[in-house]
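Residue indices begin at 1 and follow the sequence shown. Since this is a predicted model, take the numbers as computed values, not measurements. Just follow the structure's listing: the first ligand is 1, and inside any ligand the first atom is 1.
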Amino acid sequence: MVVVANRLPVRRVERDGEMHWDLSPGGLVSALTPALAGRPVMWIGWPGGGVEMIVPAQHAGIELRPVPLDDAEFEEFYLGFSNATLWPLYHDAVRSPAFHREWWYAYVSVNDRYARAVAEAAAPGATVWVHDYQLQLVPKMLRAMRPDLRIGFFLHIPFPPQELFLQLPWRRPVLEGLLGADLVGFQVQGAASNFSRVARRLLGASGTDTVLDYDGRQVRVGAFPISVDTAALIKRASDPAVQARARQLRDELGSPEVVLLGVDRLDYTKGIDRRLIAIGELFADGSLTRSRAVLVQIAVPSREDDPHYRQEREHLEQLVGEVNGSYSTVGHPAVHYLYQSVELDELVALYLAADVMLVTPLRDGMNLVAKEYVASRVDASGALVLSEFTGAAQELRDAILVNPHDLDGLKTAIRHAVGLDPNEGTARMRRMRRVVRRHDVQAWAKSFLAALHDGGGHGVAPPDPG
Ligand code: F6P
């Protein structure tokens, strides 16, 4: 099988004056890497640099094939069309998408490069799994080059409603690109329906929300909600060393009654500012006090060359400063803010140390942090405050669901989570744990690949949260 994604699963980082290959950030890599374990796989993607970058031949048993980008392509394809046109457009236009023809031309040419790399590398009749919004043209291009391949496409982010998608000047070639796949998968049924509807309207495709007839072929469409490696998280969370680290973290935080936690890529879609404003107001009105409660906010650096991301960082750091300036005491900050990525054991220790997890995106395809928190709470304690605008909210119905635009509602939800009756909290957490145990990332990959192969699946319904 060949996996194609914008990034390779590893990226080069400098630590302690030395270069290391670390796991790439984001949900795509954290989900896909364990899901592929044990299968013979080649992964084609960008190593984070140009032709000069020497990439290891394999990672965790996966053969790596780099697709380098030059500086202009990095600007126009990656920062431009992928992250300043498609990213905001597909996330409810929470920032205005920018439309530039030069960016589109770069998108077409880089997608063509990826398609050629796959066409050269794939064995006859191989299965190719193309991922995410950066590579939407690859299925059609690849089918023209290698009609023998079975091609699946999975979109990790939302697919917008017609009203937004129609803004895209290149909406037809994007849809045609996706319809080159045998199976197009989305995180939730709403996204799959948005896609099918717009394909019928713009391209004259016929059929239902689950099977489209287009260009003499049948294309299956479905929802395949991605998940986490539940067994691996449970194993780590049950490790005495990780549990000891969780206790140590609470001590280091000054043994507060309540530890609140946020973990996000630093991205304007994640609603981190809503959360900080709500927390500041809760300290201001006395619902939270520094002696009782602290917030730990991990913001993983992301897309630092994009001005929107730099502005978002400044905005968040100002908010952290304002809350800390008013409510910290010497040696005891109200908000512990870390602009850095965190190793998995430390992350699980943080999940174990946190009484309340805050996941408040304005829009998110799935949000795996919410599922990771639930999977890690091996004693079924803890409360999850979860934005209703995440894919995860459709499965984790026992979270305390919030509209992050509604600050008063968010404050009420945080108060509710902090004061949650332990019996009710355990009952909710048990039900959510059942969801992530039944539907883990291996089940996700299996269901997608089964639907791609047998042609019989029309996507899966989200797992029964009961
Ligand atoms: O699905 C979201 C996503 O864009 C992935 O494609 C990507 O791996 C992750 O977020 C991180 O983004 P980037 O590759 O731009 O750093």
### Task
Output yes when the distance from some N or O of ligand 1 to some N or O of W87 is under 3.5 Å, and no in every other case.
no

### Message
Need the ligand 1 atom indices (1-based, order shown) with element for anything under 4.0 Å from a heavy-atom of Y133.
### Response
4 (O)

### Query
Contact between H131 and ligand 1, counting heavy atoms under 4.0 Å?
no

### Message
On a heavy-atom basis, I'd like to know which of T269, L28, L79, D132 is closest to atom 1 (O) of ligand 1.
### Response
D132

### Task
Please work out which of Q187, H156, R303 has its closest non-hydrogen atom nearest to atom 10 (O) of ligand 1.
R303

### Task
Would you check if there is a donor-acceptor pair between the side chains of D306 and Y268 at a distance under 3.5 Å?
no

### Task
Report the part of I157 (side chain from C-beta onward, or backbone N, CA, C, O) that has a heavy atom under 4.0 Å from ligand 1; answer both or neither where that applies.
side chain

#### Entry: R116: partners by side chain to side chain donor-acceptor pair (under 3.5 Å), with sequence neighbours left out
D112

Contacts table for residues 4-14: side-chain donor-acceptor under 3.5 angstrom, sequence neighbours left out:
unit_1: N6; atom_1: OD1; unit_2: Y114; atom_2: OH; d: 3.4
unit_1: R7; atom_1: NH2; unit_2: Y78; atom_2: OH; d: 3.4

### Task
Hey, could you give me the CD/CH2 distance between E63 and W43, rounded to the nearest 0.5 Å?
13.5 Å

### Task
Ignoring hydrogens, tell whether any protein atom lies closer than 4.0 Å to atom 7 (C) of ligand 1; use the non-hydrogen atoms only.
no

#### Entry: Shortest protein heavy-atom distance from atom 11 (C) of ligand 1, along with the residue and atom involved
P25 O, 3.6 Å

### Query
So do F154 and H156 actually touch side chain to side chain, heavy atoms under 4.5 Å?
yes

### Message
D264 and salt bridge (Lys or Arg N to Asp or Glu O under 4.0 Å): which single residue from R275, R274, K270 fits?
### Response
R275

### Query
Are any of the N/O atoms in S302 less than 3.5 Å from those in ligand 1?
no

### Between R201 and Q162, a side-chain donor and acceptor under 3.5 Å
yes

### Side-chain H-bond candidate by donor/acceptor type, D440 with S227, under 3.5 Å
no

#### Entry: Identity and separation of the nearest protein heavy atom to atom 15 (O) of ligand 1
Y78 OH, 2.5 Å

### Task
Considering heavy atoms of the protein only, find what lies nearest to atom 14 (O) of ligand 1 and give residue, atom and distance to 0.1 Å.
R7 NE, 2.7 Å

